[in-house]
Asker: 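I have a structure I would like to understand better, so I am pasting it below and will then ask my questions one at a time.
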Amino acid sequence: RRNFLKRPQTELKHILDAVQVLAMSHPGVAFTLQHDGNVLLSLDAETGETLATNQAARLSALLPIGDAEGLIEVDESPSYLSVKGFLGHPDDARRTRGLQFLFVNGRWVRHRYLEHAVHAAYEYLLPEGSYPFFALFMDIDPRHVDVNVHPTKAEVKFDDERGVYGMLRAVVGRALGMTLGNPDFS
């Protein structure tokens, strides 16, 4: 195993990334990460009135996204899928995908197809080559998702990928439409 390890700084970055996604999905838990006597990350447990308040506070404590009030909340439960979380304002889009987080049943996953659904919901709101911030937490019946696709469980497969794509795009589109409203063309 030692032969496959990268430089210490690279491995530390992997550890920091892993702790960050765990902290995002569990805002009620305190996290502290130390390395060589230095505290790299220290987060108290969020104790707000609602889970959404706790998640927004945790996201703004962890990520360079600004104030939690500037986030667009998503909270819908169509059919067998529940989508909660936060979107960034289109004006705050970045040139990289580094601030895009998708969680399925509490586990962080990489799913380019569903990330595309979120990006597609922004449609003409984003300049070419920019990507929005999002942290979306999807809850789905475990019978409809296969987590045994990748050894690290970082990838998942759905029974109905096209259906999940369509629902996610619609939910994000509604949240954006309700928050940003209709443009004034006068």
Side-chain angles (χ1 to χ4, degrees), residues 4 6 10-27 55-56 58-60 62-66 70-177 179-180:
F4 292 101
K6 308 289 186 229
T10 305
E11 294 301 326
L12 181 61
K13 175 71 171 120
H14 292 309
I15 292 168
L16 185 58
D17 291 343
V19 171
Q20 279 186 323
V21 294
L22 283 171
M24 278 185 238
S25 63
H26 299 91
Q55 284 179 331
R58 178 57 59 91
L59 290 171
S60 49
L62 272 173
L63 304 170
I65 56 172
L71 298 176
I72 300 168
E73 186 175 356
V74 176
D75 187 358
E76 277 196 50
S77 297
S79 71
Y80 63 92
L81 176 68
S82 169
V83 181
K84 298 175 194 257
F86 295 93
L87 305 168
H89 195 279
D91 294 340
D92 298 330
R94 309 258 171 140
R95 291 279 177 212
T96 65
R97 299 175 198 258
L99 293 178
Q100 296 184 341
F101 302 94
L102 186 63
F103 297 84
V104 175
N105 295 342
R107 180 189 304 268
W108 173 77
V109 297
R110 300 284 321 158
H111 203 293
R112 291 282 184 207
Y113 187 57
L114 295 183
E115 290 169 7
H116 181 270
V118 176
H119 194 266
Y122 275 83
E123 286 193 79
Y124 303 108
L125 298 173
L126 294 174
E128 186 70 29
S130 62
Y131 302 94
F133 159 76
F134 65 83
L136 296 174
F137 301 85
M138 298 171 45
D139 285 319
I140 187 169
D141 186 344
R143 293 177 296 185
H144 298 290
V145 63
D146 182 9
V147 297
N148 294 315
V149 176
H150 193 271
T152 64
K153 311 291 192 246
E155 297 175 18
V156 295
K157 288 258 187 222
F158 297 93
D159 285 352
D160 181 17
E161 295 230 346
R162 295 181 90 187
V164 174
Y165 178 97
M167 280 191 261
L168 186 60
R169 183 174 178 178
V171 165
V172 170
R174 270 194 297 279
L176 289 170
T179 303
L180 301 177

Asker: Say you draw a straight line from OG of S25 to CH2 of W108; how long is it, rounded to the nearest 0.5 Å?
Answerer: 11.5 Å
Asker: Quick check on the 6.0 Å ring-centre criterion: do F158 and H111 meet it?
Answerer: yes
Asker: So among V164, D141, V171, which one has a side-chain contact (heavy atoms from CB on, under 4.5 Å) with L81?
Answerer: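 Of the listed residues V164, D141, V171, the side-chain contact (heavy atoms from CB on, under 4.5 Å) partner of L81 is V164.
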Asker: Between L87 and F133, does a side chain to side chain contact (heavy atoms under 4.5 Å, CB included) hold up when you go through it step by step?
Answerer: CA-CA 6 Å; L87 305 168; F133 159 76; 6.0 Å; no
Asker: Closest approach of F137 and M24, non-hydrogen atoms and distance?
Answerer: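 In this case the closest contact between F137 and M24 is CZ-O, 3.7 Å.
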Asker: State the OG1-CD1 distance between T179 and I72, to the nearest 0.5 angstrom.
Answerer: 5.0 Å
Asker: State, to 0.1 Å, how close R97 and R112 come at their nearest heavy-atom pair, and which atoms those are.
Answerer: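 For R97 versus R112, the nearest heavy atoms are CD-NH1, 3.1 Å.
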Asker: Is there a side chain to side chain contact (heavy atoms under 4.5 Å, CB included) between R95 and S130 once you walk through the steps?
Answerer: CA-CA 5 Å; R95 291 279 177 212; S130 62; 4.2 Å; yes
Asker: Under 30°, 30 to 60°, or over 60°: which ring-plane class applies to F101 and F103, parallel, tilted or perpendicular?
Answerer: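 Correct class here is parallel.
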Asker: Does V104 form a side chain to side chain contact (heavy atoms under 4.5 Å, CB included) with V145? I'd like the steps, not just the answer.
Answerer: CA-CA 9 Å; V104 175; V145 63; 4.3 Å; yes
Asker: Can you name the side chain to side chain contact (heavy atoms under 4.5 Å, CB included) partners of N148, sequence neighbours left out?
Answerer: D146, K153
Asker: Ignoring hydrogens, what is the shortest heavy-atom contact between L62 and A23? Give both atom names and the distance.
Answerer: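 Closest pair (atom of L62, atom of A23, distance): CD1-CB, 3.8 Å.
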Asker: For a side chain to side chain contact (heavy atoms under 4.5 Å, CB included) check, start with the C-alpha distance between L102 and M138, then their side-chain angles and the critical distance, and finish with the verdict.
Answerer: CA-CA 8 Å; L102 186 63; M138 298 171 45; 3.6 Å; yes
Asker: Any salt bridge linking R174 with E76? Criterion: basic side-chain nitrogen under 4.0 Å from a carboxylate oxygen.
Answerer: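 A salt bridge is present here (some side-chain N lies under 4.0 Å from a carboxylate O).
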Asker: Residues two or more places apart in sequence or in another chain: which of them pass side-chain hydrogen bond (donor to acceptor under 3.5 Å, both in side chains) with D17?
Answerer: K13
Asker: Return the minimal non-hydrogen interatomic distance between A175 and E73, and the atom names on each side.
Answerer: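 So the two residues come closest at CB-O, 3.9 Å.
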Asker: What residue pairs, at least two apart or across chains, pass side chain to side chain donor-acceptor pair (under 3.5 Å) with a residue in residues 162-173?
Answerer: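 As it turns out, the side chain to side chain donor-acceptor pair (under 3.5 Å) pairs with a partner in residues 162-173, which skip direct neighbours, are H116-Y165.
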Asker: Restricting to non-hydrogen atoms, name the atom on A121 and the atom on V172 that form the minimum distance, rounded to 0.1 Å.
Answerer: CB-CG1, 3.5 Å
